[in-house]
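Written out below as structure tokens is the structure these notes cover.
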Amino acid sequence: MPKRALKHAALAAALLLPTLAGIAVAPAAHATSLPYTYSPFRGMAKVDTFKASGANTTEVDAAAYMKPAGYATCAAAPEEVDASWGNDTDPWKFAPGDSATLCLGTLVGWSGSKLETWSTATVTIYDSVSGATALGSGVTITNTSSNDGQITDVPFHFDSAPIDGTNQAARAGSYEMVVSLTTTSTCTTACDSRGNGAGSDYAQGYVDASNGIMAGEDPSTGTSTAEASMETDETVTGGPGKVMPITRAFNTSLSAPAAGIATLAKSGTTGHGGRLVVYSFSPKTYVPTTGHSAWYDIANGTLDTSLTTWLTTLATDATASGAAGQMLVTISHEPHDNASDVKGCTVNTTTCFGSALEFRAMLTHLHALIATMGKSSILKTIYIATDWWGTTYGNDGVVGGPSVIGGGDTMYPGNTNRKCNLANTTACASGNVDYLGVDTYNYYQYDSTSAPPNYHNGTWAKLTDKLFLNDGTRSYGVIPLAKRLNKQVIIPELGSHPGCLSGDTQEGCNLLGITLSNETRDNWFEDGLTSVERSTDALQYLLGFAYFHKQATWNWEFINDSVQTLDTFHQRGAYGWQTLIKNNPLYRTTPLSL
């Protein structure tokens with residue numbers, strides 16, 4: 001193998017190193033069901049050693065990497081794919097149980113007449129949950145001559161023993177590739193791609209197998225049998241052509257679920273496994289008992305008879321023929337604006353529903369009531385905050401004080417350092433919440449406190465930052481928050497302003513003093529969703545999202561449907577959505593099992 005080939009691959013790995021070095025040990029990817037979809041290759045394991053002797057320098061390299069689709073053997077891969085290592089494109093996407101080829105390559109370089117004799121290069125695959133549990137080891141290249149390198153094709157199966165040559169039960173998760181190299185003079189003990197030994201250069205390599213992510217929308221009617229603008233309707237101009245396994249539904253009161261929820265849960269194209277519905281009740285219009293709040297009455301059991309009836313209906317909807325079989329349920333999504341001691345409001349029947357303690361006790365009671373009904377396998381509770389409140393930093397009693405992400409969120413009922421009963425005596429339990437929900441918006445020129453045409457000079461908030469930035473303040477870091485709380489997260493509402501470019505006059509883009517975004521909603525999707533594919537943590541913790549595809553206070557829509565036509569400005573985002581989701585097998589067409 002020519003020296004140039006492996007060095008090109010090594011250079012590419014070095015370019016990936018800042019990303020890889022920042023990846024913490026991660027838990028296994030979400031889902032344990034049969035494999036459906038794919039996640040990407042994210043790095044090459046590599047170790048280099050050098051030895052100088054007078055005017056002569058010896059270099060010994062070893063690298064392990066996955067063979068891209070379309071190559072018959074590993075031998076062709078290193079040189080021809082070196083320009084594509086950082087792209088994380090389709091050839092490197094794997095599902096649990098997939099068969100692939102791991103390439104183990106070595107070479108010796110020299111100057112002058114000095115040659116180096118190397119003995120063994122070994123690849124070991126580790127479970128990156130612990131970083132120490134070997135899933136397979138001992139594949140070696142042994143050579144006692146001083147030639148210019150070798151390469152070996154290693155069969156790889158995404159299971160619990162990926163390089164043993166047999167198929168075990170499919171395994172989702174992140175696999176770490178570790179290369180160890182022993183040479184007679186440069187590594188008397190093993191140098192490896194974790195930086196151990198005498199290796200002078202190394203890169204850590206990871207490859208993921210995922211059961212996928214759910215993408216969907218908030219349906220335009222709330223109970224529609226088909227999602228008019230974003231569902232799989234190829235007759236609609238610009239239609240995404242992707243069945244959506246998750247959707248958002250609202251009940252604006254404490255009342256029986258609408259009849260259409262069952263249809264929403266099971267609707268879709270032929271063969272669709274139904275939709276996972278994220279459903280919320282609201283206490284608006286509920287008149288509480290004297291001296292109490294709506295949240296107090298729910299936590300106190302006052303509404304148990306009605307709630308039991310309504311929850312039974314939702315469980316039936318979730319398990320109707322063709323439905324997904326499960327549903328996520330909450331009361332009072334985005335509760336901070338409705339809390340008397342957070343927002344500073346006076347309890348009433350329309351905008352202020354109780355205290356933070358009463359909210360925590362209420363959601364704890366909802367979880368317990370579902371268990372009492374025997375519906376815990378069907379109905380799961382979800383706590384939904386906005387990213388502004390949910391990721392607020394503060395001291396919630398854990399080590400780290402005010403630098404704790406999410407520590408300033410007093411509403412979260414899974415924080416064991418706070419109380420979750422009305423008497424303020426019983427500590428909250430992590431299990432009070434099954435799933436974390438974080439509504440995430442890029443308002444930019446949309447002012448969340450004003451109606452059009454009153455816009456403001458906002459800041460373009462990248463989806464990548466919203467998902468990953470851990471900056472010690474607030475409104476960023478959805479994935480670090482989920483990891484810290486050890487809760488899988490769904491984004492029930494996702495939305496972005498179209499973006500402002502030169503010449504734009506819509507949506508506040510022509511105001512004096514505005515700083516143009518120079519990015520659009522297409523870039524917003526592209527940057528954010530690509531970063532998801534490259535993150536072990538995101539593939540572990542992010543179950544899915546529902547885009548808020550509505551004309552509400554502002555127009556968040558970007559795909560034409562049969563009843564409306566959007567101008568070019570408002571269609572920004574359609575290309576990004578279709579490119580990143582429509583043809584990407586990482587995004588499922590059936591719901592994940594919760």
Please check if the side chain of [X] supplies one atom and the backbone of [Y] the other of a donor-acceptor pair under 3.5 Å.
X	Y	value
Asn523	Thr520	yes
Asp522	Gly573	yes
Ser280	Thr330	no
Thr392	Trp389	yes
Asp159	Gln168	yes
Arg248	Phe545	no
His497	Glu507	yes
Ser531	Gly528	yes
Arg484	Ile405	yes
Arg275	Val277	no

Near-ring test [Y]/[X], centroid separation under 6.0 angstrom:
X	Y	answer
Phe548	Trp554	no
Phe558	His570	no
Tyr175	Tyr126	no
Tyr446	Trp556	yes
Phe250	Tyr279	no

Distance alone, cut at 3.5 Å: any donor-acceptor contact between the side chains of [X] and [Y]?
X	Y	value
Asn251	Ser255	yes
Thr386	Asp439	no
Tyr383	Asp409	yes

Are any of the side-chain heavy atoms of [X] and [Y] separated by less than 4.5 Å?
X	Y	value
Phe525	Thr530	no
Leu501	Leu516	no
Trp460	Trp524	yes
Phe156	Ser99	no
Ser282	Ser253	no
Leu543	Val489	no
Phe353	Lys284	yes
Asp387	Lys466	yes

Please name the pair of heavy atoms, one in [X] and one in [Y], separated by the smallest distance, quoted to 0.1 Å.
X	Y	answer
Gly414	Val433	N-CG2, 4.0 Å
Val278	Pro492	CG1-CB, 4.3 Å
Gly97	Ala170	N-CB, 3.6 Å
Thr515	Tyr444	O-OH, 2.5 Å
Ser496	Tyr547	N-OH, 3.4 Å
Pro591	Pro245	N-CB, 3.4 Å

| message | Does Tyr575 have more than 12 heavy atoms from other residues, nucleotides or ligands lying within 6.0 Å of its OH? | response | no
| request: Would you sort out whether Asp127 and Arg171 count as a salt bridge (Lys or Arg N to Asp or Glu O under 4.0 Å), showing the intermediate values? | output: CA-CA 10 Å; Asp127 179 354; Arg171 176 188 177 279; 2.7 Å; yes
| Residue list, side chain to side chain donor-acceptor pair (under 3.5 Å) with Lys375, at least two apart or on another chain | none
Point-to-point distance, once rounded to the nearest 0.5 Å, from [atom1] of [X] to [atom2] of [Y]:
X	Y	atom1	atom2	result
Leu102	His157	CG	NE2	14.5 Å
Asp527	Thr464	CG	OG1	5.0 Å
Thr440	Asn442	OG1	CG	10.5 Å
Tyr587	Ile246	OH	CD1	12.5 Å
Leu586	Leu529	CG	CG	9.0 Å
Asn432	Thr364	CG	OG1	3.5 Å

| Can you check side chain to side chain contact (heavy atoms under 4.5 Å, CB included) on Phe94 and Asp208, steps first, answer last? | CA-CA 7 Å; Phe94 306 104; Asp208 295 315; over 6 Å; no
Do the charged groups of [X] and [Y] touch, with an N to O distance under 4.0 Å?
X	Y	answer
Lys462	Glu519	yes
Asp567	Arg572	no
Lys487	Asp434	no

| query | Do Cys500 and Ile514 pass the side chain to side chain contact (heavy atoms under 4.5 Å, CB included) test, and can you show the C-alpha distance, the side-chain angles, and the key distance before you say yes or no? | reply | CA-CA 9 Å; Cys500 292; Ile514 180 178; 3.9 Å; yes
| query | With Gln326, which residues qualify under side chain to side chain contact (heavy atoms under 4.5 Å, CB included), at least two apart? | reply | Leu276, Lys380, Ser593, Leu594
| Step by step, would you call His367 with Leu369 a side chain to side chain contact (heavy atoms under 4.5 Å, CB included)? | CA-CA 6 Å; His367 190 275; Leu369 181 61; over 6 Å; no
| message | Pair Ile490, Leu328 - check side chain to side chain contact (heavy atoms under 4.5 Å, CB included), show working. | response | CA-CA 10 Å; Ile490 286 173; Leu328 288 165; 3.3 Å; yes
